[in-house]
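Only one structure is covered here, and it is reproduced in the block below.
The figures here come from the full heavy-atom set of this structure, side chains too, leaving out hydrogens, waters and symmetry mates. We're numbering straight along the sequence, starting at 1.
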Amino acid sequence: QIRLQESGGGSVQTGGSLKLSCTSSTSTISDTCMAWFRQAPGKEREGVATIATDGSTFYADSIDGRFKISQDSSKNTQYLEMNNLEPGDTGLYYCAKVLVASRGPCTRLRPNEYVFWGRGTQVTVSS
C-alpha cells in the first residue's frame, strides 16, 4: 500500500504561482508512473502531467507550458510547479501513482489508470 500526501495548495491572484508537493509513504523498487490530476467544481477529474521513474515527463495538451512536473527521488516526493495561474486553474489537485511493468515515459492521464491516490490540495485563483 502506498499512501500519498499532497501539500502546497492555497489561494493566489491571477498571475501568481504555487508549487505543489506529493510525498509517498514509502519508496518502491518497482518502476512507477506518477501523475497530477485536478478537478474543478462540477467537472470531471482531468490529468495534468505525469512523471516516470526515469524522470521523463508528459503533459496534457491543455497545459500550455505554465506547469512543470519534477521529482526528488531521495525524498519520495514529486512536485508540480504552476506559474501564471488563471482562474480556470482553480480546483482540487490530486497526485496519483501506479506501479508499471517497465521503465520509460508515462503517458497515462486517465484516472482509472491509477491505483494510489492522495486526498487532494485545494488551489484557488482569483481574478
Please tell me if the side chains of [X] and [Y] come closer than 4.5 Å, counting only heavy atoms from C-beta onward.
{"X": "Asp31", "Y": "Leu99", "result": "no"}
{"X": "Val48", "Y": "Tyr59", "result": "no"}
{"X": "Glu6", "Y": "Trp36", "result": "yes"}
{"X": "Leu4", "Y": "Cys22", "result": "yes"}
{"X": "Gln122", "Y": "Tyr93", "result": "no"}
{"X": "Arg38", "Y": "Glu46", "result": "yes"}
{"X": "Ser24", "Y": "Lys97", "result": "yes"}

Subject >> Test side-chain contact (heavy atoms from CB on, under 4.5 Å) applied to Val12 and Leu18, step by step >> reply: CA-CA 8 Å; Val12 297; Leu18 287 171; 3.8 Å; yes
Side chain [X], main chain [Y], donor-acceptor under 3.5 Å:
{"X": "Thr53", "Y": "Thr32", "value": "yes"}
{"X": "Glu81", "Y": "Ile69", "value": "no"}
{"X": "Gln13", "Y": "Ser126", "value": "no"}
{"X": "Ser74", "Y": "Asp72", "value": "no"}
{"X": "Thr14", "Y": "Glu86", "value": "no"}
{"X": "Thr90", "Y": "Thr124", "value": "no"}
{"X": "Thr121", "Y": "Gly9", "value": "yes"}
{"X": "Thr50", "Y": "Cys106", "value": "yes"}

Subject >> Tyr79 six-ring centre to Lys19 NZ/CZ under 6.0 Å and within 45° of normal >> reply: yes
**OP:** Is it possible for you to check whether Arg45 lies under 6.0 Å from the centre of the six-membered ring of Trp117, through NZ or CZ, and within 45° of that ring's axis?
**Re:** yes
May I ask whether [X] and [Y] are part of the same hydrophobic cluster, defined by side-chain heavy atoms of I, L, V, M, F, W, Y residues being less than 4.5 angstrom apart, directly or through others?
{"X": "Leu92", "Y": "Leu85", "value": "no"}
{"X": "Val125", "Y": "Ile63", "value": "yes"}
{"X": "Val98", "Y": "Phe116", "value": "yes"}
{"X": "Val115", "Y": "Tyr94", "value": "yes"}
{"X": "Leu20", "Y": "Phe67", "value": "yes"}

Kindly give the heavy-atom pair with the smallest separation between [X] and [Y], and that separation in Å.
{"X": "Asn83", "Y": "Ser17", "value": "OD1-OG, 3.0 Å"}
{"X": "Val100", "Y": "Cys33", "value": "CG1-CB, 3.9 Å"}
{"X": "Thr77", "Y": "Ser21", "value": "CG2-CB, 4.2 Å"}
{"X": "Ser56", "Y": "Pro105", "value": "OG-CA, 3.2 Å"}
{"X": "Gly104", "Y": "Ala52", "value": "O-CB, 3.0 Å"}

Original post:
Can Gln5 and Arg119 be said to form a side-chain contact (heavy atoms from CB on, under 4.5 Å), step by step?
Top reply: CA-CA 7 Å; Gln5 178 67 57; Arg119 294 187 175 184; 5.9 Å; no
Original post:
When you look at CZ of Arg66, are more than 12 heavy atoms from neighbouring residues, nucleotides or ligands closer to it than 6.0 Å?
Top reply: yes
Original post:
Are there more than 12 heavy atoms of other residues, nucleotides or ligands under 6.0 Å from atom CG of Asp61?
Top reply: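 It does not: Asp61 CG has 12 such atoms or fewer within range.
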**OP:** Give the ring-plane orientation class for Phe37 versus Tyr114, where under 30° counts as parallel, over 60° as perpendicular and anything between as tilted.
**Re:**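 Answer is perpendicular, since the angle exceeds 60°.
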Original post:
So Cys95 and Met34, side-chain contact (heavy atoms from CB on, under 4.5 Å) or not? Walk me through it.
Top reply: CA-CA 7 Å; Cys95 62; Met34 182 272 171; 3.2 Å; yes
**OP:** Determine whether the side chains of Asn76 and Thr23 contain a donor N or O and an acceptor N or O closer than 3.5 Å.
**Re:** no
